[in-house]
Number of protein chains: 2
Amino acid sequence: MPSTITRAAVPLTKSYLLLNHGPVTLVSSAAGGRRNVMAASWAMPLDFDPPKVAVVIDKATLTRELVEASGEFVLNIPARAIADKVLAAGSASGREGDKFARCGIATGAAEQVAAPLIAGCVGWLECRVIPEAHNQQAYDLFLAEVVAAWADPAVFTDGHWHFPDDARRTIHYRAGGNFFATGEDFSV
Amino acid sequence: MPSTITRAAVPLTKSYLLLNHGPVTLVSSAAGGRRNVMAASWAMPLDFDPPKVAVVIDKATLTRELVEASGEFVLNIPARAIADKVLAAGSASGREGDKFARCGIATGAAEQVAAPLIAGCVGWLECRVIPEAHNQQAYDLFLAEVVAAWADPAVFTDGHWHFPDDARRTIHYRAGGNFFATGEDFSV
């Protein structure tokens, strides 16, 4: 399902701000004509400049196979409007058939990597794996450099989130199909 | 400032739920008669059982020195009511004098580690570092096993967050003194 994704470039040094508040992510991947998407709460920034991220990708997943084959993935930051698809992508296995079709997830092309950008997301971090075999084997932990970053300009501009409505808020995963929306912003 | 902290044990296999939604944390540490506290947004669960976490601790910090000396720290999960102290702890350096006194941060004793529990928090993960010198040197990345976990029973019981009021919600850090409160919970 190709889709038109409205996105504006986020300067690489500001890209950690897409992930800093701890939203749930969708990890998309592609290799050898196959592609997949999985949900991941265990993702965080690792460095500012060059920007890096850390994400846990279980050995049992098709995503793991595709990320190891390609050395690439996209961390997509979904909006509340597609929370049902995040749950579906987190519950199904890509080994049982194309998850994009089954979960009704549309995609667009990334710029630097083969993995697709997921429609209905509000931020995207294109990532290239930093090979660290011990972390990958012992902890399922992948470190990666962010090589391109995008955001929906209706939701994130100039390094700031400004959610125009509840449907476009980012979300945080609890467990068992339960989420929190990103809530009130405040300063101290 | 010693304090009475109301806390109930969280089973270790449920402890990841304290961190799963991506709240900001306070990292407390102690070694050789010194102690410190710093704010960290870059923390995430790494495994379920035994539970592990990953957290980024910059080389320049006193926390780094104390964590490397002791092999221990506590990930404290602050409530909105102490957001001003989180910001203060994230802005000051422990090398300039006791941050607990300067930031008005009260503490209680942990059970398994020397690092203190921070009052005004709603969850606590006592952690023992898994020595991984390359990650620590190359990425400022610390992996640790959770050896005890606690939560304020008014806020988290049976593996579920149930914030009784806005002051006791967990919080997520943006940048520049700006936070998000953990927002509405919903299921799909």
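Keep in mind that this is a model prediction, so the values were computed, not measured. Naming convention: chains lettered A, B, ... in sequence-line order (proteins, then strands); numbering from 1 in each chain.
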A.B. asks: Starting from A:Leu46, can I reach B:Val27 by hopping between I/L/V/M/F/W/Y residues whose side chains sit under 4.5 Å apart?
C.D. replies: yes
A.B. asks: Name, in order of residue number, those residues of residues 14-22 of chain A that have a heavy atom at a distance of less than 4.5 Å from a heavy atom in chain B; otherwise write 'none'.
C.D. replies: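 Listed by number, the contacting residues are A:Tyr16, A:Leu17, A:Asn20, A:His21, A:Gly22.
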A.B. asks: Do you reckon A:Met38 sits in the same ILVMFWY cluster as A:Tyr173, going by side-chain contacts under 4.5 Å, direct or chained?
C.D. replies: no
A.B. asks: With a 4.5 angstrom heavy-atom cut-off, could you sort out which part of B:Val55 is near chain A: side chain, backbone, both or neither?
C.D. replies: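 Looking at B:Val55, just its backbone touches chain A.
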A.B. asks: Which atom names give the shortest non-hydrogen contact between A:Met44 and B:Ala43, and what distance separates them?
C.D. replies: SD-N, 3.5 Å
A.B. asks: Treat each ILVMFWY residue as a node, draw an edge where side-chain heavy atoms are under 4.5 Å apart, and state whether B:Ile57 and B:Leu75 are in one component.
C.D. replies: yes
A.B. asks: Tell me whether A:Leu125 shares a hydrophobic cluster with A:Val113, the cluster being built from Ile, Leu, Val, Met, Phe, Trp, Tyr side chains joined at under 4.5 Å.
C.D. replies: no
A.B. asks: Membership question, hydrophobic clusters at under 4.5 Å side-chain separation (ILVMFWY): are A:Phe73 and A:Ile105 in the same one?
C.D. replies: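 In one cluster with A:Ile105: A:Phe73, no.
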A.B. asks: With respect to chain B, which residue among A:Val24, A:Asp47, A:Val86 yields the maximal number of heavy-atom pairs within a distance under 4.5 Å?
C.D. replies: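 The answer is A:Asp47.
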A.B. asks: Can you give the donor-acceptor pairs under 3.5 Å from side chains of residues 175-188 of chain B to other protein atoms, not counting sequence neighbours?
C.D. replies:
from: B:Asn178; atom 1: OD1; to: A:Ser187; atom 2: OG; distance (Å): 2.4
from: B:Asn178; atom 1: ND2; to: B:Ala175; atom 2: O; distance (Å): 3.1
from: B:Thr182; atom 1: OG1; to: B:Thr170; atom 2: O; distance (Å): 3.0
from: B:Thr182; atom 1: OG1; to: B:Thr170; atom 2: OG1; distance (Å): 2.5
from: B:Thr182; atom 1: OG1; to: B:His172; atom 2: NE2; distance (Å): 2.6
from: B:Glu184; atom 1: OE1; to: A:Arg80; atom 2: NH1; distance (Å): 3.0
from: B:Ser187; atom 1: OG; to: A:Asn178; atom 2: OD1; distance (Å): 2.4

A.B. asks: Spell out the residues in residues 156-166 of chain A that have some non-hydrogen atom less than 4.5 Å away from a non-hydrogen atom of chain B, in order of number; otherwise answer 'none'.
C.D. replies: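 Interface residues of residues 156-166 of chain A: A:His160, A:Trp161, A:Phe163.
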A.B. asks: Is any residue of residues 137-152 of chain B within less than 4.5 Å of chain A by heavy atoms, and which ones?
C.D. replies: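 From residues 137-152 of chain B, the residues near chain A are B:Tyr139, B:Leu141, B:Leu143.
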A.B. asks: Should A:His134 and B:Asn135 count as side-chain neighbours, where that means a heavy-atom distance under 4.5 Å?
C.D. replies: no
